[in-house]
J.: 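Below you will find the structure I want to go over with you.
None of the values given here were measured: they were computed from a predicted structure.
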Amino acid sequence: NTGVGMMLLGTYRIAKIGSGGLAIGGMFSVAGDSWENKSVPTQNVGGKCTISSKQSATAIAGYGMGTLSFPISEKLKFGGMTGVGFTGISHDELGADVFLPACEPQPGIRPTFIFGAELDYQIGSVFRLTAFPLTWQMQPAFEGARGSPKDATGIWMHFGIGVGVGVDL
């Protein structure tokens, strides 16, 4: 599925490598996720709740990050980023084809990893436009993930693209 998300990334350059730089920092991300129940239209959980066929949740993650960037031109830099952290989901009832039906599920917090590419275009001395042509996040499945009719118990992945504004302090 396709959804809208947000990333807030802050780094501090710790080393100059030739004309590039190595930075460390942190990232906070929020992303919407949705799925449908194709096996049965609704799920009744022992009369406690009825889970609709359309489900959604919001993934929230925090990462420790490392970035490496090199100039392509005077104003344009290319870089890569990687990070490790934890992710959880905000939700109501969970079920459908992704989770076992539960009125008050406890999917837990999972370790997560992220990799990505970054392009920065300098605007003046402080601001820059940033593009993320690819981000790739991976994590183990949450507790309660369903094994059938579709297996959701393996590695979960999210791919993203994005644009933003950077400030160099």
Side-chain angles (χ1 to χ4, degrees), residues 1-12 14 22-69 79-120 130-166:
N1 67 341
T2 304
V4 176
M6 183 269 316
M7 294 187 320
L8 180 62
L9 172 67
T11 60
Y12 179 77
I14 60 170
L22 175 66
I24 60 171
M27 185 172 81
F28 175 74
S29 72
V30 177
D33 207 353
S34 62
W35 59 93
E36 290 187 46
N37 190 352
K38 305 247 180 189
S39 57
V40 292
T42 58
Q43 295 169 313
N44 186 321
V45 184
K48 296 179 183 176
C49 68
T50 301
I51 298 171
S52 73
S53 63
K54 292 188 186 237
Q55 293 277 284
S56 66
T58 302
I60 302 166
Y63 301 89
M65 299 294 293
T67 66
L68 185 62
S69 64
M81 64 178 190
T82 186
V84 61
F86 293 96
T87 189
I89 57 174
S90 172
H91 54 80
D92 291 324
E93 299 93 11
L94 290 177
D97 287 345
V98 177
F99 286 95
L100 297 170
C103 299
E104 297 178 15
Q106 301 292 321
I109 294 174
R110 295 291 184 257
T112 183
F113 305 93
I114 192 164
F115 307 94
E118 180 178 345
L119 284 168
D120 288 319
T130 301
F132 297 96
L134 173 65
T135 60
W136 179 23
Q137 182 260 338
M138 297 179 290
Q139 72 182 60
F142 287 107
E143 184 70 31
R146 188 180 273 247
S148 67
K150 295 180 182 178
D151 189 0
T153 61
I155 298 294
W156 288 22
M157 292 186 267
H158 292 99
F159 295 93
I161 58 174
V163 294
V165 176

J.: Would the number of heavy atoms belonging to other residues, nucleotides or ligands and lying under 6.0 Å from CG of Leu134 be above 12?
T.: yes
J.: Of all heavy-atom pairs between Pro133 and Ala117, which one has the smallest distance, and what is that distance?
T.: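 Heavy atoms of Pro133 and Ala117 come nearest at CD-O, 3.3 Å.
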J.: At what distance, to the nearest 0.5 angstrom, does CE of Met7 lie from OG1 of Thr130?
T.: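 Reported to 0.5 Å precision, the distance equals 9.0 Å.
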J.: Once rounded to the nearest 0.5 Å, what's the spacing between atom CE of Met157 and atom CD of Gln139?
T.: 10.5 Å
J.: Has the side chain of Ser34 got a donor or acceptor atom that lies under 3.5 Å from a matching backbone atom of Gln55?
T.: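 Absent.
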J.: Determine the interplanar angle of the Trp136 and Phe115 rings, folded into 0 to 90°, and report it as parallel if under 30°, tilted if 30 to 60°, perpendicular if over 60°.
T.: tilted
J.: Rounded to the nearest 0.5 Å, what separates atom CD1 in Ile109 from atom CD in Glu143?
T.: 13.0 Å
J.: Less than 3.5 Å apart, which donor and acceptor atoms pair up between the side chains of residues 83-95 and the rest of the protein, not counting sequence neighbours?
T.:
{"from": "Thr87", "atom 1": "OG1", "to": "Ile60", "atom 2": "O", "distance (Å)": "3.1"}

J.: Tell me whether Phe159 at atom CZ has more than 12 heavy atoms from other residues, nucleotides or ligands lying less than 6.0 Å away.
T.: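 It does: Phe159 CZ has more than 12 such atoms within range.
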J.: State, with a plain yes or no, whether a side-chain heavy atom of Arg146 is found less than 4.5 Å away from one of Phe99.
T.: no
J.: State the OG1-OH distance between Thr82 and Tyr63, to the nearest 0.5 angstrom.
T.: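 Answer rounded to 0.5 Å: 10.0 Å.
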J.: May I ask you to test the Leu9-Glu118 pair for a side-chain heavy-atom distance under 4.5 Å?
T.: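 The answer is yes; the side chains approach within 4.5 Å.
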J.: How close do Val45 and Ile51 get, heavy atom to heavy atom, and via which atoms?
T.: CG2-CD1, 3.6 Å
J.: Mind checking whether Trp156 and Gln137 have side chains closer than 4.5 Å, heavy atoms only?
T.: no
J.: Identify the two heavy atoms, one from Pro105 and one from Ala102, that lie closest to each other, and give their separation to 0.1 Å.
T.: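 It is CD-O, 3.5 Å.
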J.: To check you understand the geometry: which heavy-atom pair defines the closest contact between Thr135 and Ile161, and what is its length?
T.: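 Closest approach of Thr135 to Ile161: OG1-N, 4.5 Å.
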J.: What heavy-atom pair brings Ser52 and Lys54 nearest, and what distance separates the two atoms?
T.: OG-O, 2.7 Å
J.: Rounded to the nearest 0.5 Å, what's the gap from CE on Met65 to CD1 on Ile24? Could you check?
T.: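 So the CE of Met65 and the CD1 of Ile24 are separated by 12.0 Å.
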J.: Under the side chain to side chain contact (heavy atoms under 4.5 Å, CB included) rule, what do Met81 and Thr11 come out as? Steps first, then yes or no, please.
T.: CA-CA 11 Å; Met81 64 178 190; Thr11 60; over 6 Å; no
J.: Please report the closest heavy-atom contact between Val98 and Ala152, naming both atoms and the distance.
T.: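 So the two residues come closest at O-CB, 3.6 Å.
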